[in-house]
2 protein chains.
Amino acid sequence: MKLMPSPTAAPELVLERFLPYRLSVLTNRISGQIARLYERRFDLTIPEWRTMAVLGRFGPMSANEVAERTRMDKVRVSRAIARLARKKRLMRRPDSDDGRRVVLSLTPEGRAVFEEIVPLALGVEARLLAPLSAAERALLERILARLEECAAANFAGSEDAASQRPPRGGAQRSSVSRRRAGIGSSRT
Amino acid sequence: MKLMPSPTAAPELVLERFLPYRLSVLTNRISGQIARLYERRFDLTIPEWRTMAVLGRFGPMSANEVAERTRMDKVRVSRAIARLARKKRLMRRPDSDDGRRVVLSLTPEGRAVFEEIVPLALGVEARLLAPLSAAERALLERILARLEECAAANFAGSEDAASQRPPRGGAQRSSVSRRRAGIGSSRT
DNA sequence: TGGCATTAGTTTCATTTGAAACTAATCTGC
DNA sequence: GCAGATTAGTTTCAAATGAAACTAATGCCA
């Protein structure tokens with residue numbers, strides 16, 4: 001039987017049971033498999049695939065809208081678009097109403113690739129969910145929604161840090177802040 | 001009411017509802033928050049933190065054992081160790097029995113940092129789990145375990161790809177295989 | 001004993017990444 | 001109109017990353 005922890009017992013942290021760590025390992029594995037699949041069969045990175053996915057599903061839109069929908073930053077989107085354009089999987093049409101915008105749309109070839117990938121992607125998802133019962137899936141859905149909400153809230157709450165930024169040429173930055181603040185990419 | 005899908009209806013893929021994508025976004029957010037926390041307060045990256053976490057919890061071990069426990073590749077571990085050693089948070093003692101091995105252990109300073117972080121990390125986890133009921137947490141545990149199992153199985157099943165590798169100097173590699181096979185880092 | 005495969009750990013190198021800077025077009029207030 | 005602020009998208013640059021090569025010590029077995 002389990003004894004009561006002594007009043008002074010330090011709480012334990014075992015990495016293998018720590019939720020953020022577990023999520024990270026799990027997600028990276030899944031993303032890795034998917035990335036390999038897309039790369040090997042379609043010469044497609046995950047940012048490229050995500051871009052195609054939203055264009056394929058929702059039709060033409062600007063790079064910014066792609067960034068919002070995929071939650072990728074605009075740099076990644078910009079590069080994904082450049083590569084897709086090079087491979088002739090999407091077209092960029094300057095917006096006549098707003099000279100800054102560029103409207104993106106899949107080429108017929110891009111759409112063909114998209115339509116070939118969709119069932120594969122859904123198949124991966126189905127295989128992942130296969131061992132779960134319907135009830136478990138429903139609960140997973142709810143749990144994910146809550147965690148997303150919670151993470152988004154905390155996320156928003158910590159954005160202040162970047163507010164007062166010194167200009168680039170501005171000489172010194174502490175060695176701490178110099179070490180990349182960059183963070184959670186997961187090429188996924 | 002919902003109509004039956006027509007026999008020819010293509011299954012739909014909406015990125016925002018696609019499990020691998022959702023996991024990725026969620027995980028990156030969480031990892032990002034944590035990384036910011038560790039970096040700002042302790043000048044510690046996630047690979048460094050993971051290394052300290054296993055050394056702090058399980059005591060001295062070799063770099064390889066750290067890699068196994070943290071599921072990081074040995075390159076990452078090697079670099080994390082180098083940085084931690086530079087910052088005097090861990091010590092490397094050559095193993096007298098096996099000249100290849102180096103036994104790592106936290107310095108007193110490293111341990112102090114470790115003990116300061118543990119409650120913070122557990123706090124982050126607790127905040128994440130706060131909106132979930134006990135029943136939901138239990139089910140989350142089960143679901144995670146199943147997904148991990150499933151992902152690990154598929155993972156193992158797809159390792160063959162790297163088997164016959166051409167030597168480095170070996171002239172050409174296809175543009176496909178040249179484009180990094182690298183994948184799911186998520187600096188997490 | 002000696003040679004060849006293996007293991008621990010590091011280094012090299014090509015690539016990805018994102019914050020910050022940058023360019024160019026549009027909006028805003030006056 | 002028109003100056004300054006904002007927005008769309010790209011480029012620059014300093015890391016981080018990991019596959020493959022490398023170095024060095026062991027294991028194995030003949």
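Note on naming: letters A, B, ... go to the chains in the order of the sequence lines (proteins, then strands), and numbering restarts at 1 for each one. Hydrogens, waters and symmetry mates are skipped; everything else that's a heavy atom, side chains included, is used.
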Separation of [N] [atom2] from [X] [atom1] (nearest whole Å):
X	N	atom1	atom2	value
B:M72	D:dA19	CE	P	14 Å
B:R29	C:dG18	CZ	P	13 Å
B:E68	C:dT7	CD	P	12 Å
B:E39	D:dA16	CD	C1'	12 Å
B:R76	C:dT10	CZ	C1'	17 Å
B:L90	C:dG9	CG	P	12 Å
A:R79	C:dT16	CZ	C1'	7 Å
B:L84	C:dT10	CG	C1'	16 Å

Would you say the side chains of [X] and [Y] form a donor-acceptor pair under 3.5 Å?
X	Y	value
A:T45	A:E48	yes
A:E65	A:S62	yes
B:R50	A:S24	yes

Residue whose closest nucleotide on DNA chain C lies nearer the 5' end, A:D73 versus B:N64: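 First, find each residue's nearest nucleotide; the 5'-ward one identifies B:N64.
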Salt bridge check: are [X] and [Y] linked by an N-O gap of less than 4.0 Å?
X	Y	result
B:R17	B:E12	no
B:R137	B:E141	no
B:E136	A:R142	yes

Proximity to DNA chain D (any heavy atom under 4.0 Å), residues of residues 95-104 of chain A only: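 Within residues 95-104 of chain A, the residues near DNA chain D are A:R100, A:R101, A:V102.
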B:S78 vs C:dT10: side-chain N/O to OP1/OP2 distance below 4.0 Å: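 Yes, such a contact exists.
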Intra- and inter-strand pairs of DNA chain C in dot-bracket (Watson-Crick or G-U wobble, both distances under 3.5 Å; | for another strand): ||||||||||||||||||||||||||||||
A:R69 to A:F58 six-membered ring, cation-pi geometry met (6.0 Å, 45°):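 Geometry flag: set, cation within 6.0 Å and 45°.
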CG-OG1 distance between B:L106 and B:T51, expressed to the nearest 0.5 angstrom: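 Taking CG in B:L106 and OG1 in B:T51, the distance rounds to 10.0 Å.
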Atom of A:A121, atom of A:W49 and distance for their closest heavy-atom approach: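 It is CB-CZ2, 4.3 Å.
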